[in-house]
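To start, the structure itself, in structure tokens.
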Amino acid sequence: MSDDLRAAVAAGVLGAEEQFQALLQSIVDVARAIFRAKASSIFLLDEEADELVFEAVAGEGSDSLVGQRFPSSTGIAGFVLVSRQPLVIEDVLQDPRFSRETAESTGFVPKGLMAVPLLHDERALGVLEVLDRPQDTRFTLAEMDLLGLFANQAAIALDLLQRARRAQAALAGEGDLAVVARVAETLEQQRDEEDGSRESALRLLTELEKLL
Amino acid sequence: MSEEELPAWSLSAAAVERIALPEEWPGEVTRDWAWGGATGAGARVCVLDSGIEDGHPLVGKVQQSVAISIEGDEVIVDEADTQGDLCGHGTACAGVIRSLAPECELVSVRVLGAGYTGSGAVLLEGLKWAIEQGYDVINMSLSTTKQKFASLLHELADTAYFQRTMLVASAHNMPVESYPWRFSSVISVGSHEGHDPLEYYYNPAPPVEFFARGVDVEVAWNGGGRLVCTGNSFATPHVAGIVALLLSKHPELTPFQLKSVLYLVANNVGGGK
């Protein structure tokens, strides 16, 4: 990667993750406010681990939940992800199994939840949940549509966040070839030094290349 | 060609009499003609979902519970699955079908529970297996967005249609391409806001073909429980239940005829009479 290109990519990526995370946070904040709900959260699917990760949380649980993980096929969020179907459930307390599961993972037991898959192109990226909207109002299909609109926005934000993370990982040279990236970085920094160590290192690397 | 065989690719003049249908069609098709007095008895309904809790008060007996999984390249069919329902959703769908067709036979084919990865392939294999069993109705409140499964699902949906297995699938109310509900060989179902389980509407602007009860539905859930749920997932088994009633009274109806009858007695067509 040339210096210019590297600088351009870095300028685009540095800070982007924080920005996209702020966007996700803003989505759950607004979703919670519009539905007058106690809490709202976005889960990201970690495909490698086959787990769902709390990526943004508004309201109850917001301090402790971000980063927590659970298997991608359990609970309502898992079902919504795999089936690609949005669900609204009231009276969650009536299901003892569900309540216990949720209480354990979130620290509070919701009476109702809305869950919608976050779909982007062919991929299911995660799930958006809105917990405990007021019980005095009947649920309408207009709210379902509104939830779908939020989901679309959240899916785009999640996609951007994942792209930013991949770009950052590439720049940081993470993974088993990270050492190569670090060596290249060091050689780049020593470009103006004249003690000969850089030349020696380059000669060594040229030999290594032949060996490979 | 033996006398019994019906013409498949063309219709000669001599064969016209042989395709006379046994069904007596009334001058006006009404709900009473369509399913009046029917209980669902004799109709075999498969719920392709997260499993069904056998013996739930709102579900009753589940004839068979099957689980589909994939290990490596091998498809594993466990014909005596003991895991029950891993989510509650399949039990909810089964309860809705049972409430409409109390005497139908219910079979669970579980395609969920093994994680997200590979779930599209399991869905496909589960549907394939269910179609091979020749069930009368398959309820599918699931879909996949993976393009690579679209053509295979399309073939399966057509196979089901031609062998008289009626596939009833949840429509997606989100702006994404997903399958198999979009195919014309299945009945696709969205939700309306009414509360009558037999109230349903034909949609003159497809791909969603019918709208059934899907808002604030009291459904069965795991642990003998009940929940109030909303979603196309719960509208779909309403239509599957109605189809089970229709087939228990008129077992000779083909999917084409079933769709025609459903159209004729929809609330916005025959006025729900």
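Keep in mind it's a predicted model, so treat the numbers as computed, not measured. FYI, side chains are in, hydrogens and waters are out, and symmetry mates aren't considered; it's all heavy atoms of this structure. All chains are named by letter (A, B, ...) in the order of the sequence lines, taking the proteins before the strands, and each is independently numbered beginning at 1.
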For a 4.5 angstrom cut-off between non-hydrogen side-chain atoms, does [X] reach [Y]?
X: B/Trp221; Y: A/Ile89; value: yes
X: B/Glu193; Y: A/Thr140; value: yes
X: A/Leu119; Y: B/His172; value: yes
X: B/Phe211; Y: A/Leu141; value: no
X: A/Arg84; Y: B/Lys146; value: yes
X: A/Val88; Y: B/Cys229; value: no

Contacts of B/Lys259 that satisfy salt bridge (charged side-chain N to carboxylate O under 4.0 Å, His left out) - sequence neighbours left out: B/Glu209

Neighbour count >12 (heavy atoms, 6.0 Å) for atom OH, B/Tyr201: yes

Partner chain B: residue of A/Ala151, A/Ala124, A/Pro71 with the largest heavy-atom pair count (under 4.5 Å): A/Ala124

Structural part of B/Ala171 lying under 4.5 Å from a heavy atom of chain A: backbone

Proximity breakdown for A/Leu147 and chain B, heavy-atom pairs closer than 4.5 Å: neither

Under 4.5 Å from a heavy atom of chain B, the part of A/Ala142 involved: backbone

Exercise: identify the closest heavy-atom pair between B/Ser143 and A/Gln85: OG-NE2, 3.9 Å

Shortest non-hydrogen contact from B/Ser141 toward A/Ser83: O-CB, 4.3 Å

Residue-level interface, residues 19-31 of chain A with chain B, non-hydrogen cut-off under 4.5 Å: none

Distance, nearest 0.5 Å, that separates CD of A/Glu143 from OG1 of B/Thr230: 9.0 Å

Rounded distance (nearest 0.5 Å) linking atom CG of B/Leu142 with atom CZ of A/Phe79: 5.5 Å

Sidechain-backbone polar pair: B/Thr145 side chain, A/Glu122 backbone, donor-acceptor under 3.5 Å: yes

From CA spacing to verdict: side chain to side chain contact (heavy atoms under 4.5 Å, CB included), A/Leu87, B/His89: CA-CA 10 Å; A/Leu87 275 190; B/His89 188 274; 3.9 Å; yes

